[in-house]
Amino acid sequence: RFLLGSASLRTRDFAAAEKELRRALEVNQPADAVLPLLAQAMTEVGQQEALVKDFGYKKLDDAQAQATFQAILGDAQLRLNDRAAAGRAYAAALQAKADYGPALLGQATLKAIDNDLDGALAQVERIIAASPKFARAHGFKSDLLLAKGDRVGARKALEAAIESDSNFLPARLSLISLLTDEGEYDAAAKLLEDTRKQARGDVRLSYLDASLAFRRGDTTRAREQVQQVLKYLPDHVPSLVLAGAIELRDKQPTAAEINLRKAVARAPNHAGARQLLVQTYLRT
């Protein structure tokens with residue numbers, strides 16, 4: 001069970017990994033070995049609340065396992081918007097292993113949430129200096145630089161993340177989006193195609209593909225790809241807005257209105273959705 005769960009995690013079959021690793025715990029595999037992997041699998045499938053409820057009280061004996069588990073637990077708490085609990089988890093990780101990169105990165109994230117972008121960036125730079133191949137740190141540096149308006153620096157940070165770990169999917173997704181925004185459509189398309197080989201079936205790639213096709217004026221492909229997203233995530237607001245924009249460009253105001261009304265219903269303050277809906281009403 002443990003080996004099957006570990007293998008599933010490596011091949012990004014997170015649902016299967018979670019199932020097998022839970023079973024491994026039930027049949028008395030050591031928690032120090034299982035829980036860090038199980039926590040990763042659960043966060044990948046969006047089960048942060050279950051992770052905190054079922055295992056948040058656990059303390060592991062092995063220092064490395066404890067640091068890994070607590071850092072992932074802190075990330076889960078952060079996604080649940082419980083900053084105080086996240087801070088405690090990161091502190092526990094650092095108590096188990098001083099200067100543990102993922103826990104320090106979590107603390108930098110807390111600084112950024114508190115609008116201390118300079119403090120967060122300084123901490124990330126220290127993390128990268130200590131661990132130059134830490135892809136997540138390069139990716140977060142990119143987020144911070146984008147927030148500060150430095151798109152050139154953000155792109156370099158994403159490229160560094162991918163160079164550090166060619167399988168680091170968040171950096172690939174962000175770079176595809178950035179290249180598309182910069183009008184470098186060929187480069188975005190090449191990176192998108194390469195990434196599909198690593199994350200086949202990931203709906204985020206379908207969304208990025210749709211966005212790229214829309215920018216290129218290929219509304220047929222854009223529609224096909226965005227419908228792939230909405231098939232599995234019918235309430236995904238960015239895809240609903242993009243679907244509305246596609247139909248509006250193709251002079252299909254009724255279909256545009258349906259998608260945009262859904263988007264506004266789910267995100268009333270989404271300025272782009274509201275503006276497109278106004279344009280739709282004016283055309284009709």
Side-chain angles (χ1 to χ4, degrees), residues 2 5-6 9-10 12 14 17-18 21 25 29-45 47-52 54-114 116-145 157-158 160-171 174:
F2 175 71
S6 303
L9 191 63
R10 287 196 297 272
R12 302 185 61 79
F14 301 118
E18 191 232 345
L21 290 168
L25 272 183
Q29 282 291 292
D32 282 5
V34 178
L35 263 185
L37 301 182
L38 177 57
Q40 182 185 346
M42 292 180 74
T43 56
E44 291 286 358
V45 294
Q47 292 192 23
Q48 289 83 12
E49 192 169 348
L51 172 61
V52 172
D54 295 347
F55 305 108
Y57 62 93
K58 290 280 190 179
K59 183 176 180 181
L60 305 181
D61 296 326
D62 180 78
Q64 178 63 58
Q66 170 72 350
T68 302
F69 174 64
Q70 288 294 332
I72 295 172
L73 190 62
D75 292 343
Q77 298 278 20
L78 205 54
R79 291 189 187 183
L80 295 171
N81 202 30
D82 191 340
R83 292 188 230 173
R88 290 193 295 271
Y90 295 138
L94 291 169
Q95 185 177 7
K97 186 175 181 182
D99 299 325
Y100 183 56
L104 291 172
L105 190 62
Q107 291 182 335
T109 305
L110 289 172
K111 288 179 184 291
I113 292 172
D114 288 335
D116 182 8
L117 297 183
D118 291 334
L121 187 57
Q123 180 149 332
V124 169
E125 294 285 15
R126 290 193 293 271
I127 295 168
I128 291 173
S131 304
K133 295 296 185 181
F134 188 11
R136 275 184 59 204
H138 288 288
F140 187 56
K141 179 182 177 180
S142 172
D143 293 338
L144 293 171
L145 291 174
L158 289 173
I162 295 170
E163 184 178 349
S164 300
D165 181 359
S166 63
N167 295 320
F168 185 51
L169 189 58
S174 295

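Among residue pairs with one or both ends in residues 123-143, those qualifying as salt bridge (charged side-chain N to carboxylate O under 4.0 Å, His left out) are D75-R136, E125-K141; sequence neighbours excluded. Residue pairs meeting the side-chain hydrogen bond (donor to acceptor under 3.5 Å, both in side chains) criterion with at least one member in residues 160-170, sequence neighbours excluded: N167-Q198.
Taking the side chain to side chain contact (heavy atoms under 4.5 Å, CB included) definition, one finds that S131 meets it with F134, sequence neighbours left out. Judged as a side chain to side chain contact (heavy atoms under 4.5 Å, CB included), and not counting sequence neighbours, the contacts of Q29 are F2, A24, V34. Legend: residues meeting side-chain hydrogen bond (donor to acceptor under 3.5 Å, both in side chains) with D54, ordered by chain and number and at least two apart, are R22. Considering only residues two or more places apart in sequence or on other chains, D118 meets the salt bridge (Lys or Arg N to Asp or Glu O under 4.0 Å) condition with K148. Residues passing the side-chain hydrogen bond (donor to acceptor under 3.5 Å, both in side chains) test with D99: none are found, sequence neighbours excluded.
Looking at every heavy atom in both residues, A17 comes nearest to G5 through CB-O, 3.5 Å. When all heavy atoms are compared, the tightest approach of P36 to A31 is CD-O, 3.8 Å. Across every non-hydrogen atom of L51 and A76, the tightest pair is CD2-CB, 3.9 Å. The shortest non-hydrogen separation linking G139 to A161 is N-CB, 4.0 Å.
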Using a 3.5 Å cut-off and no angle test, enumerate the donor-acceptor pairs between side-chain atoms of residues 78-87 and protein atoms at least two apart in sequence or in another chain.
| from | atom 1 | to | atom 2 | distance (Å) |
| --- | --- | --- | --- | --- |
| R79 | NH1 | T43 | O | 3.3 |
| D82 | OD1 | A85 | N | 3.2 |
| R83 | NH1 | D114 | OD1 | 2.8 |

Side-chain donor-acceptor contacts of residues 63-71 below 3.5 Å, not counting sequence neighbours, with atom names and distances?
| from | atom 1 | to | atom 2 | distance (Å) |
| --- | --- | --- | --- | --- |
| Q64 | OE1 | K97 | NZ | 2.5 |
| Q64 | NE2 | T68 | OG1 | 3.1 |
| Q66 | OE1 | L60 | N | 2.9 |
| T68 | OG1 | Q64 | O | 2.9 |
| T68 | OG1 | Y100 | OH | 3.1 |

CA sep, side-chain torsions, deciding dist, call: F168, I162, side-chain contact (heavy atoms from CB on, under 4.5 Å): CA-CA 6 Å; F168 185 51; I162 295 170; 5.9 Å; no
Full working for side-chain contact (heavy atoms from CB on, under 4.5 Å) between L110 and Y90: CA-CA 10 Å; L110 289 172; Y90 295 138; 4.0 Å; yes
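With respect to I72, the side-chain contact (heavy atoms from CB on, under 4.5 Å) criterion is satisfied by exactly one of Q48, Q40, Q77: Q40.
To the nearest 0.5 Å, atom CG of residue L37 and atom CE of residue M42 are 13.0 Å apart. Between the CG atom of L38 and the CG atom of L25 there is a distance of 6.0 Å, given to the nearest 0.5 Å.
S142 contributes no side-chain N or O that, together with a main-chain N or O of H138, makes up a donor-acceptor pair within less than 3.5 Å. No donor-acceptor distance shorter than 3.5 angstrom exists from the side chain of D62 to the backbone of D32, with no hydrogens or angles considered.
Between L145 and L121, the closest side-chain pair of non-hydrogen atoms falls below 4.5 Å.
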